[in-house]
2 protein chains.
Amino acid sequence: MAEHQHALGGKPLTKNQRLVLERLEKTEGPLSAYSILDELRDEGFRAPLQVYRALDKLVDAGLVHRLESLNAFVACRHPSCHSHRMIGFAICEECGSVQEFSQDRISEELVAWARDDGFRLKKTTIELRGLCKTCAEQAPLQS
Amino acid sequence: MAEHQHALGGKPLTKNQRLVLERLEKTEGPLSAYSILDELRDEGFRAPLQVYRALDKLVDAGLVHRLESLNAFVACRHPSCHSHRMIGFAICEECGSVQEFSQDRISEELVAWARDDGFRLKKTTIELRGLCKTCAEQAPLQS
DNA sequence: CAACTGATGTAATATCATAACATTACATGA
DNA sequence: TCATGTAATGTTATGATATTACATCAGTTG
């Protein structure tokens, strides 16, 4: 299990931030804040706020993403690239897996739309729901 | 105030569905399910489920959209076009206004990404956060 | 040390959503 | 008519997600 030299605005992670991030990184799919809380009881976590505070910072730093359509969180899988590139998520409704993707042309189109409209864009949420390749292959063919 | 001949899969709206839809149409911005409940107390609504059941059907029919990043709902503003085209929302964090938009090129890119990846796409969520044109003009210039 | 700052801990509460079950309205056909 | 089926509705309780408010602790700096 690799060490974390993750940092947050130059500062190292605090204990709670590290525990939350490690929990997310060890987990394949998304976790809700309350699942994280339950899994960190043994480490001394007692209240939701401990999780939410850590998540806030981790999300700000780009180390964790919030999935709005699930009210859940995943560790960023873009290796060592926690930039704030515009990013999308494909969420499988069968197995719960989440894939990150980033398509420059989509970003460009959204930015162009915002520019043309006078909208000052701060953040984008792009979430696809459906079946991942594996689950789609097992599922009955095209309804 | 126009009459509603909205229909839902051929069937006319039920009383609760009509009340919820009318409330959303009379409102500029998004409403949470509980706000709708509060506003419909006078019409006899007593419990969240009455609202959620109506919203489910209205969302299925494309007459209402759910904003995942707000946990709130808006009436569809695409006049008489309640198709299931892929649609995005630009949400102003200052005044709360919501604009629908639909860019074919974005849809195409997302569909293409899904096809290339083997992802069987069922639904997309695209939500932009920022400042609408009006609020952006009043705000301090580019941070 | 005093004052400040940032992180933490804790309790209470607000907000969003659904489960489970009872009841009503109404259509349809024996 | 009235039995039956079904869709909608009503009601209570509960589950799930998120924040407010306030107390405490640790480290830093004057």
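Throughout, a chain's letter reflects where its sequence line sits, starting with A, and its residues are numbered from 1.
The side chain of A/Lys15 has C/dT8 as its nearest neighbour among D/dT17, C/dA17, C/dT8. Closest approach to the A/Tyr52 side chain among D/dT19, C/dT8, D/dT9 is made by D/dT19 (side chain taken as heavy atoms from C-beta onward). Distance from the side chain of A/Leu49 is smallest to D/dT20 among D/dT20, C/dA20, D/dT17.
Contact of the A/Met86 side chain with the A/Val111 side chain is registered, since non-hydrogen atoms from C-beta on lie closer than 4.5 Å. Two residues are said to be in side-chain contact when any heavy atoms from C-beta on lie closer than 4.5 Å; B/Leu58 and B/Phe73 fail this criterion.
Projected onto DNA chain D by closest heavy-atom contact, A/Ser35 and B/Asn16 fall at different nucleotides, the more 5' of which corresponds to B/Asn16.
A/Leu37 places its CG atom 16 Å from the P atom of D/dG15, with the value rounded to the nearest Å. Straight-line distance from the CG atom of B/Leu31 to the C1' atom of C/dT15: 15 Å, rounded to whole Å. Rounding to whole angstrom units, CD of residue A/Gln50 and C1' of D/dT24 are separated by 13 Å. Across the protein-nucleic acid pair, B/Asp56 atom CG and D/dA7 atom P stand 16 Å apart, rounded to whole Å. If you measure from atom CZ of A/Phe45 to atom P of D/dA18, you get 16 Å, rounded to the nearest angstrom. Taking atom CG of A/Leu40 as the reference point, atom P of C/dT8 lies 13 Å away to the nearest angstrom. The nearest whole Å value for the distance from the CG atom in A/Leu19 to the C1' atom in C/dA7 is 14 Å. Counting to the nearest Å, the C1' atom of C/dT8 and the NZ atom of A/Lys57 are 13 Å from each other.
Ionic pairing of A/Glu22 and A/Arg18 is present here: one or more N-O contacts between side-chain nitrogen and carboxylate oxygen are shorter than 4.0 angstrom. At a threshold of 4.0 Å, the pair A/Arg129-A/Glu93 counts as salt-bridged, since one of the basic side-chain nitrogens sits closer than that to a carboxylate oxygen.
Within 4.0 Å of B/Ala47, counting heavy atoms only, lies at least one base atom of the nucleic acid.
Contact annotation: B/Arg46 side-chain N/O to D/dA13 OP1/OP2 distance is not under 4.0 Å. An OP1 or OP2 oxygen of C/dA17 is reached within less than 4.0 angstrom by a side-chain nitrogen or oxygen of B/Asn71. The phosphate of C/dT8 (OP1 or OP2) has a side-chain N or O of A/Thr14 nearer than 4.0 angstrom.
Counting distance only, with no hydrogens placed and no angle test, the side-chain atoms of B/Arg53 and the base atoms of D/dG10 include a donor-acceptor pair under 3.5 Å. For A/Tyr34 against D/dA18, a side-chain N or O and a base N or O form a donor-acceptor pair under 3.5 Å.
Put simply, the residue from B/Leu110, B/Thr124, B/Thr125 that forms a side-chain contact (heavy atoms from CB on, under 4.5 Å) with A/Ile126 is B/Leu110.
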